[in-house]
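Right, one structure below, let's go through it.
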Amino acid sequence: KYYRLIIKQGFLHEGIFSNLAAILKTQGKLIEAEKTIRKAIEINPNYVNSHYSLATLLAELGRINEAEIYLRKTIELRPNFAEAYNKLSIILAALGKLEEAKESQLKCIEIKPNELHYISFLIKILLGLYDWDAIEVYLPYIKLLGIEGKAIDEPLTLMYLEDDPKKHLE
């Protein structure tokens with residue numbers, strides 16, 4: 001209500017549109033939220049939050065090819081945005097681009113090395129690539145931190161901690 005009033009009075013700032021879009025999204029008005037975020041990008045094409053918000057919204061709408069574009073723009077604008085690399089990895093994996101997903105997730109982990117859910121997703125990608133040598137690198141890390149069954153989902157953790165994780169893919 002207040003954001004619309006501010007906009008009606010002629011205050012056109014990308015932050016206002018971005019915040020309004022977030023509210024619309026929580027209200028389930030996804031199409032209106034998309035239009036509003038796009039207006040924020042129109043006002044300031046370099047506003048990182050709008051590109052990231054649009055990417056996540058597009059992904060929720062199932063438009064993952066478009067989401068990839070906006071995540072790449074987000075990363076271009078803010079190269080050390082770990083969560084953008086993580087989301088890009090998820091999108092790339094969904095598109096079947098596992099090698100690119102791996103590279104994106106490695107960059108994410110380079111930026112934030114102690115985020116266990118980032119490591120968990122990397123291991124999922126590595127399993128998809130059947131990259132057993134790379135998986136071996138991360139297994140001791142998981143054990144060392146004592147996170148078996150805690151920070152990452154339990155069935156996945158147990159799979160990784162067994163002697164032969166390949167048997168779970170048969």
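Worth saying up front: this structure is predicted, and the values here are computed from it rather than measured. Along the sequence shown, residues carry numbers from 1.
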Less than 4.5 Å apart, side chain to side chain, heavy atoms only: is that true for V48 and N46? no
For I37 and A21, the nearest pair of non-hydrogen atoms, with its separation, is CG1-CB, 3.1 Å
Heavy-atom nearest pair, P113 first then I119, reads O-CD1, 3.8 Å
Taken to the nearest 0.5 Å, the spacing of L30 CG from L57 CG works out to 5.5 Å
With sequence neighbours left out, the residues meeting side-chain hydrogen bond (donor to acceptor under 3.5 Å, both in side chains) with N80 are none
task: Flag the pair I75 / R72 as yes when at least one side-chain heavy-atom distance between them is below 4.5 Å, and no otherwise.
output: no
Check: Can you tell me if H51 uses its side chain to pair, donor with acceptor, with the backbone of I69 under 3.5 Å?
Finding: no
Note: S50 and I41 closest approach over all heavy atoms is CB-CG1, 3.5 Å
E99 meets the side-chain hydrogen bond (donor to acceptor under 3.5 Å, both in side chains) criterion, sequence neighbours left out, with none
Chi angles and distances behind the salt bridge (Lys or Arg N to Asp or Glu O under 4.0 Å) call for K35, E32:
CA-CA 5 Å; K35 290 177 185 175; E32 191 176 349; over 6 Å; no
- Query: Is the distance between the ring centroids of Y52 and Y70 under 6.0 Å?
  - Reply: no
Value for CD1 (I109) from CG (L122), rounded to nearest 0.5 Å, stands at 4.5 Å
query = Do L24 and T36 have side chains that get closer than 4.5 Å, going by heavy atoms?
reply = yes
Distance col, row K25:NZ vs S53:OG, nearest 0.5 angstrom, shows 7.0 Å
Do V137 and L127 belong together in a cluster built from hydrophobic side chains that touch within less than 4.5 Å? yes
CZ (F121) and CG (L116) are apart, to the nearest 0.5 Å, by 15.5 Å
Side-chain heavy atoms nearer than 4.5 Å, only ILVMFWY residues, links allowed to pass through others: does that put I135 and L106 together? yes
Is E66 salt-bridged to R38, cutoff N-O under 4.0 Å?
yes
Interatomic distance, OG1@T56 vs CG@L71, rounded to 0.5 Å, equals 8.0 Å
Across all chains, not counting sequence neighbours, the salt bridge (charged side-chain N to carboxylate O under 4.0 Å, His left out) partners of E110 are K107
Quick one: are I111 and F81 in side-chain contact, heavy atoms under 4.5 Å?
-> no
The side-chain hydrogen bond (donor to acceptor under 3.5 Å, both in side chains) partners of R78 (sequence neighbours excluded) come to none
Sorted by chain and number, sequence neighbours left out, side-chain hydrogen bond (donor to acceptor under 3.5 Å, both in side chains) with K97 holds for E68
Inset, instruction - Report yes if the side chains of N19 and I23 come closer than 4.5 Å at any heavy-atom pair, otherwise no. - result: no
Distance-only criterion, 3.5 Å: show the donor-acceptor pairs between side-chain atoms of residues 82-94 and protein atoms not counting sequence neighbours.
unit_1	atom_1	unit_2	atom_2	d
E83	OE1	Y118	OH	2.6
E83	OE2	N86	ND2	3.3
E83	OE2	K87	NZ	3.3
Y85	OH	P79	O	3.1
N86	OD1	Q105	NE2	2.9
S89	OG	Y85	O	3.0
S89	OG	A101	O	3.1
S89	OG	S104	OG	3.2
S89	OG	Q105	N	2.9
S89	OG	Q105	OE1	2.8

